[in-house]
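Below is one structure, written out as structure tokens, with a few remarks after it.
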Amino acid sequence: MPPSQPPDFPVSPNAADAPPGPFERATFDPTSDAEWESLRRLGHRMLDDLLAAQRALPEQPVWQALPDVLRASFEESGPRHGIGPEAAYERVRRSVLPYGLGNWHPRFFGWVQGNGTPLAMLADMIAAGLNPHLGGFNQAPALVERQVVSWFAEWLGMPGASGLFVTGGTMANVHALACARIGAARRLGRDVRRDGVQSWPGEPAVAPLVYYGSTETHAWAFKAAEWLGLGSRAFRTVPVDSDFRMRLDVLEAMLEADERDGLIPFCVIGTAGTVNTGATDDLVALADLCRRRQLWFHVDGAFGALAALSPLVREQVIGMERADSLAFDLHKWGSMPFECACVLVRDSQLHHEAFRHRASYLVPSERGPTAGGMYFNERGLDLTRGFKALKIWMQLHADGVEHFGRIISQNVRQLRRLVAAIDAHPELERLAPAPLNIACFRYVPLRPRGAMGAYTDAELDPLNRELLARLQERGLAMPSSTVIHGRFAIRVAHVNHRTTDADMDHLVQQIAVLGREIAGASAVPV
Ligand SMILES: *Cc1c(COP(=O)(O)O)cnc(C)c1O
């Protein structure tokens, strides 16, 4: 149960208005054995608490509401005087630790949010402790990142590609699109880095650059168009078939019509694992089409790209290896703590051309610590970057990439188990194909005996919205939702390495129980 009393935060006696010490120090006095010892003890306690919390997750609610008194504490003004590390940790332990969204929990299935692994958590601690700046230069942490990039480039079928770790799939995709734009400009003899995408006085007007993806493409594609100055009109959405895959006949027709209208198509986005239903476009056909029409072929594989690691679903993403660029997350189906995504660009020279600026204060040298220069800074927008790759490198060394594949296979099998349970259940209706790790469905009450007619969407949408709210608020399980063909759907997006088969069965049972609870309470007209 959440605490109902306001927590008392002990104030360390020498914290407030203490006279300045011999020198101002960062957090603690490095010359004091006693302070090292108390920090060591605090660190061990934090670690013990965190591991114990993770161990106890199956018995805990997925989510619980923050008590008002704690919520109010987040409105307090900033501390003028410190309370010391122990008391500060106590605040974290009481008011933050129990009140996350629950995405580390075995029954969390919402929004394609990954769980994180305990080992990667520890690696992140080392990354933060060493605190290297990942702009580049001659240091082991940069070599770790280069190596992890090259491993994934090989495993995902793009050996030798240039790559960069970024915060998330959104940024990875945007970086790829920026490269695609440079590629297009090169072909057209336009200097898009200098001129942008606008016409300048006294020069011939430039035609708009446009790119394509299915209507199921993730919303990053609109954000990217806006941010790159192309305008959201530049992203042309192609309708999908009944399996939620891009209609290639319509794409061809759109390309031709747009060219006739004076637009310049430069890129097609294929999605490996759409966010709504886990559909994957026909990547082989898209690769062929892009080659034939000299278009940049980008694959958004935010979570789906890692299907390549599992023999169960590998064939779904064939064609991905022919992409000019590929974006994928490790913090979704790779179980790495946030933030951890990667962009791969086949043409390494172009990748650098898209972002390189040689500032005088960053000039590389031939030898010593600055040898090689700031090469990661030349592959993206960020200059200062954290050490994202260590946790992957360490987890891979511990488990091997085949283990990553086994987790993915396990999730696919569990999703198939869920789908079988939905399809067999008289009160559950599946709303979309479930080829990968996502299932969309809803609860449909049985009509009382003798009742006529089926439930309408107008009845089922609010019922399922209420059902999902109760499921989440009671901390029973955490799917999220979407809309499929205009119908409200409960959506299970499964990237959870902690889930057991029993958790999946529990989900189905709880949905049926809640559905009956709600349908029973609302007087259904007969
Ligand atoms: C999650 C997702 C994104 C965005 O990735 P983030 O890591 O959340 O920024 C893009 N595309 C697809 C298909 C996704 O599932």
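Below, all heavy atoms of this structure are taken into account, side chains as well, without hydrogens, waters or symmetry copies. When a ligand or atom number is given, it counts from 1 through the structure's own listing order. All residue numbers in this chain count up from 1 along the given sequence. All values reported here derive from a predicted model rather than from experimental measurement.
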Output a table of donor-acceptor pairs, distance under 3.5 Å, between side-chain atoms of residues 149-165 and any protein atom two or more places apart or on a different chain; print 'none' if there are none.
unit_1: S150; atom_1: OG; unit_2: Q147; atom_2: O; d: 3.0
unit_1: S162; atom_1: OG; unit_2: H351; atom_2: ND1; d: 2.7

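- Within the 4.5 Å cutoff, no side-chain heavy atoms of F235 are placed close to those of L230.
- Every atom of ligand 1 with a heavy atom of G168 under 4.0 Å away is listed here by number and element: 7 (O), 9 (O).
- Close contacts of ligand 1 with W220, meaning ligand atoms under 4.0 Å from a residue heavy atom, involve 10 (C), 11 (N).
- Within the 4.5 Å cutoff, side-chain heavy atoms of I438 are placed close to those of R491.
- Considering backbone and side-chain atoms together, T274 places no N or O closer than 3.5 Å to any N or O of ligand 1.
- G169 N, 2.6 Å is the protein heavy atom nearest to atom 7 (O) of ligand 1.
- H331 counts as a contact of ligand 1, since one of its heavy atoms falls under 4.0 Å from the ligand.
- The aromatic rings of H298 and W220 stand perpendicular to each other, their planes meeting at an angle above 60°, with 30° marking the opposite boundary.
- No more than 12 heavy atoms of other residues, nucleotides or ligands shown are found within 6.0 angstrom of CZ on R233.
- Less than 4.0 angstrom separates some heavy atom of F303 from each of these atoms of ligand 1: 15 (O).
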| request: Decide side-chain hydrogen bond (donor to acceptor under 3.5 Å, both in side chains) for R379 and H352; before the verdict, give the C-alpha distance in whole Å, the side-chain angles of both, and the deciding distance to 0.1 Å. | output: CA-CA 5 Å; R379 297 182 192 180; H352 287 253; 3.2 Å; yes

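- With sequence neighbours excluded, the residues forming a side chain to side chain contact (heavy atoms under 4.5 Å, CB included) with P337 are A120, D124, K391, listed by chain and number.
- Closest to atom 4 (C) of ligand 1, if we only count protein heavy atoms, is T170 OG1, 3.5 Å.
- Of all atoms in ligand 1, numbered sequentially from 1 with element shown, those under 4.0 Å from a heavy atom of D329 are 5 (O), 6 (P), 7 (O).
- Close approach of ligand 1 to V275 is summarised as follows: ligand atoms under 4.0 Å from at least one heavy atom of the residue are 15 (O).
- Applying the 4.0 Å criterion to heavy atoms of A302 picks out, from ligand 1, the atoms 2 (C), 3 (C), 10 (C), 11 (N), 12 (C), 13 (C), 14 (C), 15 (O).
- Looking at V268 and M246, their side chains come closer than 4.5 Å, going by heavy atoms from C-beta outward.
- Judged by the shortest distance from any of its heavy atoms, A341 lies outside the 4.0 Å radius around the atoms of ligand 1.
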| request: Could you walk me through whether E216 and T271 pass the side-chain hydrogen bond (donor to acceptor under 3.5 Å, both in side chains) test, one step at a time? | output: CA-CA 8 Å; E216 294 293 302; T271 300; over 6 Å; no

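- Side-chain atoms of L50 and L97, non-hydrogen and from C-beta on, do get closer than 4.5 Å to each other.
- Under a 4.0 Å criterion applied to the non-hydrogen atoms of G273, ligand 1 contributes the atoms 13 (C).
- Given atom 3 (C) of ligand 1, the protein heavy atom at minimum distance is K332 NZ, 3.3 Å.
- Ranking protein heavy atoms by distance to atom 11 (N) of ligand 1, first place goes to D300 OD2, 2.7 Å.
- Protein heavy atom at the shortest distance from atom 10 (C) of ligand 1 is H218 CG, 3.4 Å.
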